[in-house]
Amino acid sequence: MRVVRAPDGSINTESSRKGPLGYLSLDKLKGGEELLEEAVDRVEELLLKSQRTQVENIILDSIRWAGRASVAETLEESFLLFAISLECVVLPKSGPELMFRLSQRIAKVLGKTLDERMEIAKRTKKLYGIRSKIVHDGHYEVTEGQRDEMRMYAKNTVLKLLLERGV
């Protein structure tokens with residue numbers, strides 16, 4: 001996998017898979033262009049390391065799942081792959097109450113105020129419910145808005161964790 005900066009300032013991952021490439025938007029994160037530079041540098045650094053920590057491997061795995069989601073052919077497949085990206089970075093071990101733990105961890109990473117964290121937890125629980133319907137019922141039609149929201153949570157969570165010092 002190779003990380004490339006596009007002319008519009010977005011970052012892009014290239015791999016051996018053919019198809020449209022997905023972009024990671026840093027618009028929602030404070031710092032814009034500086035964070036873009038730092039994110040690209042950090043991913044390149046992790047990819048070039050000969051030995052990575054478990055946390056670094058988890059972050060790269062999550063980025064890879066998000067990349068697969070970006071080239072998925074259907075909304076449902078894309079939605080599920082973004083959910084996997086999110087799950088592997090905030091729920092690296094299985095256990096009870098996945099929906100609760102997932103929503104709380106994402107809210108803690110992305111929310112700045114208590115109200116923001118409560119809203120993020122509520123929204124991610126709803127999205128996780130959609131994920132569960134797809135996985136367990138085998139049928140659910142995902143809207144572009146639902147897919148985009150799952151993508152936003154997955155990518156912003158991964159980017160925020162990627163840019164945290166000490167990770």
statement: Rounding to 0.5 Å, atoms CD1 (Ile130) and CZ (Phe79) come to a distance of 4.5 Å

query: Do you know which two heavy atoms are closest between Leu110 and Glu116, and how far apart they sit?
result: O-OE1, 4.4 Å

- request: Could I get the full list of salt bridge (Lys or Arg N to Asp or Glu O under 4.0 Å) partners for Glu141, not counting sequence neighbours?
  value: none

- request: Could you go through the side-chain contact (heavy atoms from CB on, under 4.5 Å) check for Trp65 and Arg68 one step at a time?
  value: CA-CA 5 Å; Trp65 283 112; Arg68 289 179 185 112; 3.6 Å; yes

query: Restricting to pairs with a member in residues 129-140, which pass salt bridge (charged side-chain N to carboxylate O under 4.0 Å, His left out), not counting sequence neighbours?
result: Glu87-Arg131

field: Interatomic spacing from CD1 in Ile59 to CD in Gln54 - rounded to 0.5 Å
entry: 11.5 Å

- prompt: What's the shortest heavy-atom distance between Ile58 and Cys88, and which atoms?
  reply: CG2-O, 3.1 Å

message: Quick check on the hydrophobic clustering: are Phe100 and Ile106 connected, directly or via other members, by side-chain heavy-atom contacts under 4.5 Å?
response: no

task: Assess whether atom NZ of Lys49 is packed by more than 12 heavy atoms of other residues, nucleotides or ligands within 6.0 Å.
output: yes

Rounded distance [0.5 Å steps], CG in Leu161 versus CG in Asn156: 11.0 Å

query: What is the distance from atom CZ of Arg52 to atom CG of Asn57, rounded to the nearest 0.5 Å?
result: 5.5 Å

message: Go through it in stages, so that I can follow the logic: the residues are Ile63 and Leu46, the test is side-chain contact (heavy atoms from CB on, under 4.5 Å), and I'd like the CA-CA distance, side-chain angles, deciding distance and then a yes or no.
response: CA-CA 11 Å; Ile63 290 169; Leu46 292 178; 6.0 Å; no

- prompt: Where do Arg147 and Ser78 come nearest, in terms of heavy atoms and distance?
  reply: CD-OG, 3.2 Å

message: Would you say that Leu80 contacts Glu77 through its side chain, given a criterion of any heavy-atom pair below 4.5 Å between the two side chains?
response: no

- request: Working to the nearest 0.5 Å, report the span between CD of Gln146 and NZ of Lys126.
  value: 7.0 Å

query: Is there a donor-acceptor pair closer than 3.5 Å between any side-chain N or O of Arg117 and the backbone N or O of Lys112?
result: yes

Closest contact, heavy atoms only, Leu98 versus Leu91: O-CD1, 3.8 Å

- prompt: Once you round to the nearest 0.5 Å, how far does CE of Met99 lie from CG of Leu127?
  reply: 10.0 Å

query: Are the side chain of Thr157 and the backbone of Ala154 linked by a donor-acceptor contact shorter than 3.5 Å?
result: no

query: With distance as the sole test, does Ser85 use its side chain to make a donor-acceptor pair with the main-chain N or O of Leu81 at under 3.5 Å?
result: no

Non-hydrogen atoms of Leu159 and Ala39 that approach each other most closely: CD2-CB, 4.2 Å

- prompt: Taking the hydrophobic residues Ile, Leu, Val, Met, Phe, Trp and Tyr, and joining any pair whose side-chain heavy atoms are under 4.5 Å apart, which ones share a cluster with Leu114?
  reply: Met118

message: Using the rule given for side-chain contact (heavy atoms from CB on, under 4.5 Å), can you reason through Lys155 versus Phe82, listing the C-alpha separation, both sets of side-chain angles and the distance that settles it, and then say yes or no?
response: CA-CA 8 Å; Lys155 289 184 176 183; Phe82 279 122; 3.5 Å; yes

- prompt: So, for Leu86 and Ser62, which heavy atoms are closest and what is the spacing to 0.1 Å?
  reply: N-OG, 4.4 Å

